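These numbers come from a predicted model, not from an experiment. Below, chains carry the letters A, B, ... as their sequence lines are ordered, and counting in each starts from 1.
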Amino acid sequence: MTFFIREVATLQARVIMLVDLDYFFAQCEERRNPSLKDKPVVVCVYSGRSEDSGAVSTANYIARKYGVTSGIPIFLAKKKLKKDAVFLPMDHEFYEEVSGKIMRILRSHADFFEQVGIDEAYLDVSQKVKGSFEEAKELAQKIKEEVKAQQKLTCSIGIGPNKLVAKIAADIQKPDGLTIVKHEQVESFLSPLPVSRLIGVGRKTKKKMQTLGIRTIGDLAKYDVQRLIEVFGKKLGIYFHNASIGVDDESVQERGEVESISRISTLKGDTRDLKVIVEKANQLCDEVHAKLVQRELGFKSVGIVAVMVDMSVRSRSRTFENPTNELEVLKKTVKELFEKFLNESELEARRVGVKVSNFVKEQERQKQITNFIGLAKN
DNA sequence: CCCTCGATCAC
DNA sequence: CCTCATATCGAGGG
C-alpha cells in the first residue's frame, strides 16, 4: 500500500515555479541608465492627445511609494511625484530583447516551460529537483543569481505544487523575493488572502463576490459550489471552487502561436468622422499586416473596436469564406465595418482598433489555392 | 459547430 | 484625464 501511494506521488506530485521579472520595463530602464536607480522611474504609454495624456505602464518601487501604479494617468503620476522623477516612453523593442535573453536562461532550467507575457514564466521543475521543494529552493536561488549576473535584473519567484499556488506565492514577496508553499501549507497559505489574489478575480468579480459575503479565499472555499456555478457560470464556478482550495492541474506547456493580432490607438480628438477614423485605422492595418507578413500568416476574420467617449467598448467583425493575406482586403473590410458601425452608433469615438484572427499558415493557404486551381482545370 | 458581440481580466 | 494586446467565456443566433 505504501508502495502504491509513493508511486502515485512520484507520478503526480509536481514542483512548479513562477518567475516574475520585477517592475520589468522600469528595471530595464534602470539597467540601461543606472543613474535612475535612486529616482522614481515611470515608464509611460503616451497617447498623443496632449503633452501628458496617456497612462503609466510600469513604475519602479520608489515611484510606487508615492502611489504611482500601472494604469493611472500620466498627469496624475506627475502630480504625485513632482521634482526629480523620470518619465520615459515605452521602448518595447528593448524590453523584448532583454526578455528574450532572460527567457532563454529560465527555459534552460525547466523540464517544461511556459512564457506568460513579456515578464513572466512558469517552470515545471519536478524532474529537475526530483520532487523536492528544498532542491527547488536552491534551484530558484541559482536562477536568480544567474539572471542577476548575466542580465543585471532581479526577479521574484514563487514555488508551489501547481501554477495557481506558484503564481500567488510569487506575489507575496517582491521585488527580489522567493516564496515557497508546500502541499501541506497550501490551505493555510491561501485561506487568509483576499480573493483578488486569484487569477480571474478582477474588479468586477471581486465586487460580485463581496455581495455574496466572500472576501477571502477561505470564504470562497466554504461557499457552495452549486451557488458559485449559478452566479458565475459553469466553467468559472468550478474554477473558483478548485482555486479556493489550491487545486489546479493545468500543465506547464509552451504557448502555441498567437490566435489574434490587434492594434489600438487613441485618436487626436473624439470624432465620428469616417475619414478621420479610417485614416487612423489604415495606420493600424499597416502595423497589423506587417506582423502577419513577419509570421507568414493569412487571416479569415477581421475585427474593429471602438472605445467611445463614455469609455464603453464596441466591436464588429467579419469572417470570410476563404483566408487572405492582402493588406488591401484588410483595409477595405475595416473601412466597411467602421462605416456600418458609425451608422449604428450615436457617440463619438475616442480610440479605434483593428484585429485579425482565424489564422491560416500562408503555406497552407497557397496550397489550398493551388489545389483549387487544379480542381477547376479538371 | 461556427459566427458575432459584449464583458472581464490582466499585461 | 483614463494605454495596449491577447485570451476566454457566455449568450444569442444560425
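- In this structure dC1(C) sits in the syn conformation; its chi angle is within 90° of 0.
- Base pairing in DNA chain C yields stems of at least 3 consecutive Watson-Crick or G-U pairs, both distances under 3.5 Å, namely B:1-8 with C:7-14.
- For the pair E362(A) and L292(A), the minimum side-chain heavy-atom distance is 4.5 Å or more.
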Requested in this report: Run the numbers on K332(A) and E328(A) for salt bridge (Lys or Arg N to Asp or Glu O under 4.0 Å), then give the verdict.
Outcome: CA-CA 6 Å; K332(A) 177 161 176 282; E328(A) 289 317 310; over 6 Å; no
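- T216(A) places no side-chain N or O within donor-acceptor distance of the main-chain N or O of P194(A), the cut-off being under 3.5 Å.
- The residue from D22(A), D20(A), T154(A) that alone fulfils the side chain to side chain donor-acceptor pair (under 3.5 Å) condition with K174(A) is D20(A).
- Taking the 5' to 3' direction, DNA chain B first and last meets chain A under 4.0 angstrom from a heavy atom at dC3(B) to dC11(B).
- Note on V201(A): only backbone sugar-phosphate atoms sit closer than 4.0 angstrom, heavy atoms only; bases stay farther off.
- Transitive grouping of hydrophobic side chains (ILVMFWY, heavy atoms separated by less than 4.5 Å) keeps V288(A) and V305(A) in distinct clusters.
- A heavy-atom distance below 4.0 Å to DNA chain C is reached by these residues of residues 281-320 of chain A, ordered by number: M311(A).
- T271(A) has its side chain within reach of I277(A): a pair of non-hydrogen atoms, C-beta onward, lies under 4.5 Å apart.
- Note: CZ (F232(A)) to P (dG10(C)) measures 12 Å, nearest angstrom.
- Using a 4.0 Å heavy-atom cutoff across all strands shown, L76(A) reaches no nucleic acid atom at all.
- Within residues 237-272 of chain A, the residues approaching DNA chain C are V258(A), E259(A), S260(A), I261(A), S262(A), R263(A), I264(A), S265(A), T266(A), by heavy-atom distance under 4.0 Å.
- At a threshold of 4.5 Å between non-hydrogen side-chain atoms, the residues K280(A) and S265(A) count as touching.
- Side-chain N or O atoms of S251(A) include none that pairs as donor or acceptor with a backbone N or O of Q253(A) at under 3.5 Å.
- Using a 4.5 Å cut-off on side-chain heavy atoms (C-beta onward), V41(A) and F87(A) make no contact.
- Using a 4.0 Å heavy-atom cutoff across all strands shown, K167(A) reaches sugar-phosphate atoms only and no base atom.
- For I199(A), the side-chain contact (heavy atoms from CB on, under 4.5 Å) criterion is met by Y122(A), K167(A), Y239(A), not counting sequence neighbours.
- With hydrogens and angles left out, the side-chain atoms of Q151(A) and R31(A) include a donor and acceptor closer than 3.5 Å.
- One interatomic measurement links the two molecules: CD1 of I118(A) to C1' of dA7(C), which rounds to 17 Å at whole-angstrom precision.
- If you run side chain to side chain contact (heavy atoms under 4.5 Å, CB included) between P161(A) and each of I16(A), V186(A), D248(A), V247(A), only V186(A) comes through.
- F240(A) is listed as a side-chain neighbour of L220(A), based on a closest heavy-atom distance under 4.5 Å.
- Within residues 327-357 of chain A, the residues that have a heavy atom under 4.0 Å from DNA chain C are, in order of number, R350(A), R351(A).
- Contact of the I157(A) side chain with the T179(A) side chain is not registered, since no non-hydrogen atoms from C-beta on lie closer than 4.5 Å.
- Atoms CG (L236(A)) and P (dA7(C)) sit 18 Å apart, rounded to a whole Å.
- In this structure, NZ of K280(A) is placed 13 Å from C1' of dC4(C), rounded to the nearest angstrom.
- The side-chain heavy atoms of E336(A) and R318(A), taken from C-beta on, include a pair separated by under 4.5 Å.
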